[in-house]
Amino acid sequence: MKAYIVALDQGTTSCRAIVFDKTGNIVKMAQREFTQFFPQPGWVEHDAEEIWTVQLEVLRQATEGIAAEAIAAIGITNQRETTVVWDRTTGKPLHRAIVWQCRRSSSICEELKTGGFEETVRSKTGLVLDPYFSGTKLKWLLCEHPSIREKAERGEALFGTIDSWLIWNLTGGAVHATDISNASRTMLYNIHTLDWDDDILAEFGIPRAMLPEVKPCSGIFGHTSLLGGDEAGIPIAGSAGDQQAALFGQGCFREGMAKNTYGTGCFILKNTGGKPVASQKGLLTTIAWQVGDEVTYALEGSVFIAGAVIQWLRDGLGLISHAGETEAIASSVEDTGGVYFVPAFSGLGTPYWDPNARGLISGLTRATRKEHIVRAALEAIAYQSQEVLQVMEEESGIHLPELRVDGGAVKNGFLMQFQADLLGVNVTRPKVNETTALGAAFLAGLSVGFWSGQEEIERLWELDQTFVPEQDEQFREQKYAGWQKAVHLQL
Ligand SMILES: Nc1ncnc2c1ncn2[C@@H]1O[C@H](COP(=O)(O)OP(=O)(O)O)[C@@H](O)[C@H]1O
Ligand SMILES: O=P(O)(O)OC[C@H](O)CO
């Protein structure tokens with residue numbers, strides 16, 4: 001009997017494999033971190049081969065003792081925008097993966113802006129001309145490495161985001177495909193015509209031959225025999241970028257529903273229904289998912305550094321030994337003692353879109369202790385999310401009734417309460433916090449009939465805890481004004 005769906009969640013810092021049952025509960029999971037490379041200030045790389053090895057290892061661990069015949073399908077979700085180029089014949093990467101956080105293509109973005117290309121990009125792709133997205137990373141790679149360009153022109157070098165890379169490897173090099181939500185993050189995909197955009201490809205000098213086929217998020221991408229089982233193999237039946245998958249996993253199927261995922265960064269997505277909504281204030285217009293013929297769009301606010309600031313306190317400063325400690329440390333002081341921490345390690349995303357901004361800690365005095373800095377780092381995650389939500393509200397004129405949250409950092413009760421206090425709305429945390437993986441599982445499960453439809457999935461959402469605002473308007477205004485002052489020191 002097909003009792004399970006397996007989700008592969010390839011995040012910025014770790015690979016997870018999670019086995020879900022029909023009730024959407026976790027049966028088994030395995031997770032492992034992989035290496036981050038910072039070859040120059042502002043540059044971030046991953047080893048795509050290491051990612052595949054680690055992903056396969058956690059897949060095997062999570063499914064140990066489970067017969068391949070019991071797995072109805074595999075769903076994939078991934079860190080988005082991260083750019084991989086590999087050799088069609090050998091299957092080996094031709095360069096380290098250039099990670100979404102990497103700023104190396106800043107000057108390319110500047111040139112394109114000067115050349116008046118910003119509006120074209122915005123109107124065709126819904127995105128902002130920023131190094132965050134794959135397009136200028138790929139342009140950089142082809143310009144810096146003429147041998148890769150030659151291969152690309154001959155159709156021998158393939159481009160993909162991490163979902164494509166996993167699908168390629170899971171299918172033994174038989175399938176070069178991506179899903180529409182990931183395609184919409186490349187800056188090469190036209191979100192209106194639903195095709196790669198020839199004008200942009202020409203401007204960026206990217207041959208179409210290296211691009212993957214774009215498929216709906218829920219549907220068969222290929223099959224894998226890596227876990228054994230019958231000859232046909234296990235279908236890879238769903239795929240979506242991690243933030244879109246989380247929106248799906250949170251059951252935000254209706255227009256106006258929104259979620260915030262607190263992982264390496266924070267990504268707030270609001271379902272805008274069947275049509276793209278353009279933003280005037282730095283939100284991204286993106287494709288949430290395609291199920292059948294129906295395309296759903298979203299507005300997104302992207303915060304580049306959220307949980308990553310906690311990792312930096314651990315790995316960069318040695319102030320803490322585990323992320324989990326920060327809750328008690330932050331709660332041990334009344335406030336930050338006037339300290340603000342702007343973690344703009346990779347520039348600033350929504351609403352500023354300043355690739356050159358860098359981090360700062362302000363308001364230091366001789367009385368400042370480690371506890372204040374840890375607290376300020378956690379508060380920064382909430383302030384950045386607040387800024388995005390404020391823009392969303394200003395643009396739509398609608399006050400968000402609640403914020404659904406998920407991701408690694410929502411375990412932190414201090415952070416969740418502070419977020420509710422700052423926003424003045426309820427923050428709701430679901431029982432299954434692995435919402436990203438759950439979304440990928442739902443997309444895969446829907447396509448093979450494991451679940452009957454979105455109504456059934458919606459009923460599976462269960463509340464863990466609601467964080468209710470405990471502070472008044474004056475608190476919110478005062479705190480936010482202090483944050484704004486600190487951010488503007490950097491701009
Ligand atoms: N208790 C905690 N408090 C604050 N941050 C945390 C906590 N636990 C984990 N994190 C942060 O959450 C992030 C991991 O979340 P995850 O959703 O796995 O991220 P990703 O998918 O981006 O790799 C890390 O950056 C980590 O620092
Ligand atoms: O790895 P995460 O979960 O922080 O997600 C990264 C985003 O997909 C980047 O756009």
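Both counts, for ligands and for their atoms, begin at 1 and track the order of listing. The first residue in the sequence is number 1, and the count goes up from there.
Between the CZ atom of Phe414 and the OG1 atom of Thr326 there is a distance of 9.0 Å, given to the nearest 0.5 Å. Atom CH2 of residue Trp86 and atom CZ of residue Phe159 lie 8.5 Å apart, to the nearest 0.5 angstrom.
Checked against the 6.0 Å centroid criterion, the rings of Trp312 and Phe345 qualify as a close aromatic pair. Residues Tyr262 and Phe267 place their aromatic rings such that the two centres sit no closer than 6.0 Å.
At least one heavy atom of Gln311 sits under 4.0 Å from some atom of ligand 1. Using a 4.0 Å cutoff on heavy atoms, Arg314 does not count as a contact of ligand 1.
Regarding atom 5 (N) of ligand 1, its nearest protein heavy-atom neighbour is Ala409 CB, 3.5 Å. For atom 27 (O) of ligand 1, the closest non-hydrogen atom on the protein side is Gly307 O, 2.9 Å. When only non-hydrogen protein atoms are considered, atom 22 (O) of ligand 1 lies nearest to Thr264 OG1, 2.5 Å. Protein heavy atom nearest atom 2 (C) of ligand 1, with residue, atom name and distance: Ala323 O, 3.7 Å. Of the protein's heavy atoms, Gly408 CA, 4.2 Å lies nearest to atom 14 (C) of ligand 1.
Neither the backbone nor the side chain of Gln10 has any atom closer than 4.0 Å to an atom of ligand 1 (non-hydrogen atoms only). Contacts between Thr13 and ligand 1, counted as non-hydrogen atom pairs separated by less than 4.0 Å, involve both the backbone and the side chain. Counting heavy atoms closer than 4.0 Å to ligand 1, residue Ala308 contributes backbone atoms (N, CA, C, O) but none from C-beta onward.
In summary, the atoms of ligand 1 found under 4.0 Å from a heavy atom of Asn412, numbered by their order in the structure, are 3 (N), 4 (C). Taking a cut-off of under 4.0 Å to the non-hydrogen atoms of Thr326, the atoms of ligand 1 that pass are 3 (N), 4 (C). Of all the atoms in ligand 1, the ones that sit under 4.0 Å from a non-hydrogen atom of Arg16 are 16 (P), 17 (O), 18 (O).
Residue pairs meeting the salt bridge (Lys or Arg N to Asp or Glu O under 4.0 Å) criterion with at least one partner in residues 426-438, sequence neighbours excluded, are Arg16-Glu434, Arg429-Asp464, Lys431-Glu462. Note on residues 301-326: no pairs pass salt bridge (Lys or Arg N to Asp or Glu O under 4.0 Å), not counting sequence neighbours.
Enclosure of atom CD in Gln40 by more than 12 non-hydrogen atoms of other residues, nucleotides or ligands within 6.0 angstrom is indicated. Annotation: Lys113, atom NZ; neighbour count of heavy atoms from other residues, nucleotides and ligands within 6.0 Å is above 12.
Using a 4.0 Å heavy-atom criterion, the residues that approach ligand 2 are Gly11, Thr12, Gln79, Arg80, Glu81, Trp100, Tyr132, Asp242, Gln243, Thr264, Gly265, Phe267.
Taking the side chain as every heavy atom from C-beta outward, His46 and Thr35 never approach each other to under 4.5 Å.
Tyr132 does not carry Arg103 over the face of its six-membered ring by the limits of under 6.0 Å from the centre and within 45° of the normal. Arg404 forms a cation-pi arrangement with Trp461, by the criterion of a distance under 6.0 Å to the ring centre and an angle within 45° of the ring axis.
Considering backbone and side-chain atoms alike, Ile310 places every N or O at 3.5 Å or more from each N or O of ligand 1.
By the ring pair (Phe, Tyr, Trp, His ring centres under 6.0 Å) test, Phe20 pairs with no residue at all, sequence neighbours left out.
Ring geometry for Trp353 versus Phe304: interplanar angle over 60°, hence perpendicular rather than tilted (30 to 60°).
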